[in-house]
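What follows is one structure encoded as structure tokens, with my remarks underneath.
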Protein chains: 2
Amino acid sequence: MQRLQAGRPIFHEGDAVRRVFMLASGSLKIYSLLADGRRQITGFMFPGDFLGVSVDEEYAFTAEALVHSELWWFTREAFDRFVEANPKVERELYRLAAHELAAAHSQMVLLGRKTAAERLASFFLSLVERQELVAGRSLAQFDLPMSRLDIADYLGLTKETVSRMLAQLRDRKLVRLVSQDRIEILDRDGLHEMAAGFGG
Amino acid sequence: MQRLQAGRPIFHEGDAVRRVFMLASGSLKIYSLLADGRRQITGFMFPGDFLGVSVDEEYAFTAEALVHSELWWFTREAFDRFVEANPKVERELYRLAAHELAAAHSQMVLLGRKTAAERLASFFLSLVERQELVAGRSLAQFDLPMSRLDIADYLGLTKETVSRMLAQLRDRKLVRLVSQDRIEILDRDGLHEMAAGFGG
DNA sequence: CGCTGGTTTGATTGTAATCAACCCTGGTGG
DNA sequence: CCACCAGGGTTGATTACAATCAAACCAGCG
């Protein structure tokens with residue numbers, strides 16, 4: 001078990017893969033940097049997600065805690081032995097990877113072809129759906145555990161644009177800001193339309 | 001075995017997953033569409049790649065032949081039985097999925113944070129590296145089996161911008177157009193710098 | 001109560017999209 | 001064999017969306 005404060009990195013892009021992690025509580029961001037500092041967050045992780053289950057020798061991205069988080073970990077060797085001994089785990093890992101791949105495809109559509117407002121609407125829906133899955137019931141409100149800058153770097157925008165698009169969704173009465181880091185959905189159908197590209 | 005002419009779809013987004021395919025020859029594009037016709041190509045496939053190996057009941061994207069292509073296929077049930085009987089295949093499938101996931105991460109960085117010229121340079125390098133892997137040796141030239149529009153829809157640009165950026169890479173003496181659909185690399189280091197974000 | 005850092009709002013700029021013409025290439029038929 | 005045609009590709013002019021630059025606002029905290 002490993003405890004991490006907000007902002008603490010778990011590992012960096014290029015580090016040798018020595019451990020496999022499972023997020024027990026909290027949330028993480030994973031990202032890559034370009035030479036001049038431009039950053040793309042390629043995913044956020046929530047309890048139950050695995051990290052470092054890879055065939056490569058080096059991590060392909062940096063992972064960092066968003067809030068105070070707890071991780072279970074195994075050495076890579078121990079994890080490999082465990083997988084070897086439990087073939088069902090292998091299938092489950094494959095299932096998880098297929099899921100991640102599907103999510104990556106949606107994110108490529110978002111980054112390649114959606115407008116700023118569509119990106120934010122899509123992001124809110126994926127966040128609330130994720131939190132509903134954990135809660136096991138429909139939710140009207142959800143948390144934003146990451147900063148505006150993190151959201152921008154995930155959506156391929158700037159923090160200013162995120163702020164403006166949030167104001168736009170608010171003005172269109174699709175969402176309400178309960179607080180800085182908590183959103184209430186006022187019109188889920190409208191949000192879905194916006195996310196899918198109808199929200200002219 | 002299934003033969004496909006250029007432009008023919010193998011399956012559409014939303015179709016029930018009935019078969020698993022392996023591309024034997026040719027090349028494919030896979031893409032998703034937004035409601036108003038905006039298209040994002042999320043990948044190109046080359047001989048040896050698998051399609052439809054998924055845990056979902058529906059294909060998450062459309063797959064279409066770029067050139068005359070040949071595919072081996074199995075029913076999903078036959079494929080599952082085969083995997084069940086050969087645990088090593090499961091590991092190999094996982095290895096392939098992990099690879100695809102890493103590629104998806106790079107593509108997210110490209111779509112979210114790279115400029116038009118950087119995107120095209122990155123694309124050229126990934127294409128030539130792929131063709132070098134098949135050829136088993138370093139290559140100075142490589143093929144572009146897809147149209148400018150396909151390249152644009154893969155890179156999150158328009159065909160006009162792709163054309164302009166190609167002219168720019170040509171004018172900077174990084175590449176040469178052997179023909180409409182064949183490129184010669186004149187300065188690979190320069191292309192790498194451009195792709196990584198140094199090419200001021 | 002006054003900082004400090006994140007957030008929002010405002011003004012301006014810049015990159016790529018859009019709209020529009022022209023060019024080339026490969027295929028067809030006279 | 002060559003002229004014509006069609007469709008993809010290139011180049012040019014203008015526009016638009018989001019980025020950048022800049023200032024004000026606000027919330028949490030010492």
Side-chain angles (χ1 to χ4, degrees), chain A residues 6-7 29 34 36-41 66-68 110-123 143-171 175-183 194 197 199-200, chain B residues 5-7 29 34 36-41 66-68 110-124 143-171 175-183 194 197 199-200:
Chain A
K29 58 186 172 195
L34 293 181
D36 60 0
R38 277 174 284 171
R39 184 177 70 151
Q40 179 64 37
I41 293 184
L66 284 173
V67 295
H68 179 90
L110 181 150
L111 292 170
R113 289 295 178 228
K114 289 189 183 177
T115 65
E118 290 164 6
R119 293 180 198 200
L120 193 61
S122 305
F123 177 60
D143 291 313
L144 287 179
M146 65 293 287
S147 71
R148 297 295 187 267
L149 182 57
D150 283 342
I151 297 173
D153 283 349
Y154 181 60
L155 299 178
L157 302 169
T158 59
K159 59 192 197 307
E160 292 93 335
T161 297
V162 167
S163 206
R164 278 184 242 277
M165 295 305 122
L166 179 51
Q168 194 173 304
L169 296 184
R170 168 169 41 68
D171 295 348
V175 301
R176 185 173 75 86
L177 278 87
V178 178
S179 70
Q180 205 77 266
D181 60 357
R182 192 165 174 81
I183 304 281
M194 173 101 276
Chain B
Q5 295 175 279
K29 59 186 171 195
L34 293 181
D36 61 359
R38 276 173 285 171
R39 184 177 69 150
Q40 179 66 36
I41 294 183
L66 284 173
V67 296
H68 179 89
L110 181 151
L111 292 169
R113 289 294 177 227
K114 289 189 184 178
T115 66
E118 290 164 6
R119 293 180 198 201
L120 192 61
S122 305
F123 177 59
F124 283 172
D143 291 312
L144 289 179
M146 64 294 286
S147 71
R148 297 294 189 268
L149 182 57
D150 284 342
I151 297 173
D153 284 349
Y154 181 60
L155 299 179
L157 302 169
T158 60
K159 59 189 195 309
E160 292 93 335
T161 298
V162 168
S163 208
R164 279 185 243 275
M165 294 306 121
L166 180 50
Q168 194 172 304
L169 296 184
R170 171 170 39 69
D171 295 348
V175 301
R176 185 173 75 85
L177 280 88
V178 179
S179 70
Q180 205 75 268
D181 60 357
R182 193 165 174 80
I183 304 281
M194 174 101 274

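Remember, it's a predicted structure, so these values are computed and weren't measured experimentally. Just so it is clear: chains get the letters A, B, ... in the order the sequence lines come, proteins before strands, and each one is counted from 1.
B:Asp153 places its CG atom 17 Å from the P atom of C:dA16, with the value rounded to the nearest Å. Rounded to whole Å, the distance from CG on A:Leu111 to C1' on D:dC17 is 16 Å. Rounding to whole angstrom units, CG of residue A:Leu155 and C1' of D:dC17 are separated by 16 Å. Remark: C1' of C:dG6 and CE of A:Met146 are 16 Å apart, rounded to the nearest angstrom. Rounded to whole angstrom, the span from the CG atom of B:Asp150 across to the P atom of D:dG8 amounts to 11 Å. For A:Gln168 and D:dC17, the CD to P distance is 10 Å, given to the nearest whole Å. Remark: C1' of C:dC24 and CG of B:Leu166 are 15 Å apart, rounded to the nearest angstrom. Distance, B:Lys159 NZ to C:dC24 P: 18 Å, rounded to whole Å.
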Protein proximity profile, nucleotides 18-30 of chain D - base contact B, sugar-phosphate-only contact S, no contact -, cut-off 4.0 Å on heavy atoms: SSBB---------
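Within 4.0 Å (heavy atoms only), B:Arg170 reaches sugar-phosphate atoms of the nucleic acid but no base atom. At a threshold of 4.0 angstrom between heavy atoms, the contacts of A:Ser147 are confined to the sugar-phosphate backbone, with no base atom among them.
The ring-ring contact (aromatic ring centres under 6.0 Å, His included) search around A:Tyr154 returns A:Phe44, A:Phe123, not counting sequence neighbours. Shown here are the side chain to side chain contact (heavy atoms under 4.5 Å, CB included) partners of A:Ala117, two or more places apart in sequence or in another chain: A:Thr115, A:Met165, A:Gln168, A:Met194. A:Val67 is linked by a side chain to side chain contact (heavy atoms under 4.5 Å, CB included) to A:Ser27, A:Ser69, A:Pro145, counting only residues two or more places apart in sequence or in another chain. By the side chain to side chain donor-acceptor pair (under 3.5 Å) test, A:Ser122 is found to be paired with A:Lys114, residues two or more places apart in sequence or in another chain being considered.
Taking a cutoff of 4.0 Å between a charged side-chain nitrogen and a carboxylate oxygen, A:Asp153 and B:Arg113 qualify as a salt bridge.
Taking both residues in full, the closest heavy atoms of B:Ala116 and B:Leu157 are given as CB-CD2, 4.0 Å, listed atom of the first, atom of the second, then distance.
For B:Arg119 (side chain) and B:Leu155 (main-chain N/O), a donor-acceptor pair under 3.5 Å exists by modelled atom type.
Contact check, B:Arg148 against C:dC24: no side-chain N or O comes under 4.0 Å of OP1 or OP2.
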Apply salt bridge (Lys or Arg N to Asp or Glu O under 4.0 Å) to residues B:Arg148 and B:Asp181 and explain how you reach the verdict. CA-CA 9 Å; B:Arg148 297 294 189 268; B:Asp181 60 357; over 6 Å; no
Show me the dot-bracket string of DNA chain D, counting Watson-Crick or G-U pairs under 3.5 Å, with | for pairs to another strand and [ ] for crossing ones. ||||||||||||||||||||||||||||||
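Within the 4.5 Å cutoff, the side chain of B:Leu144 has no heavy atoms near those of the B:Arg182 side chain.
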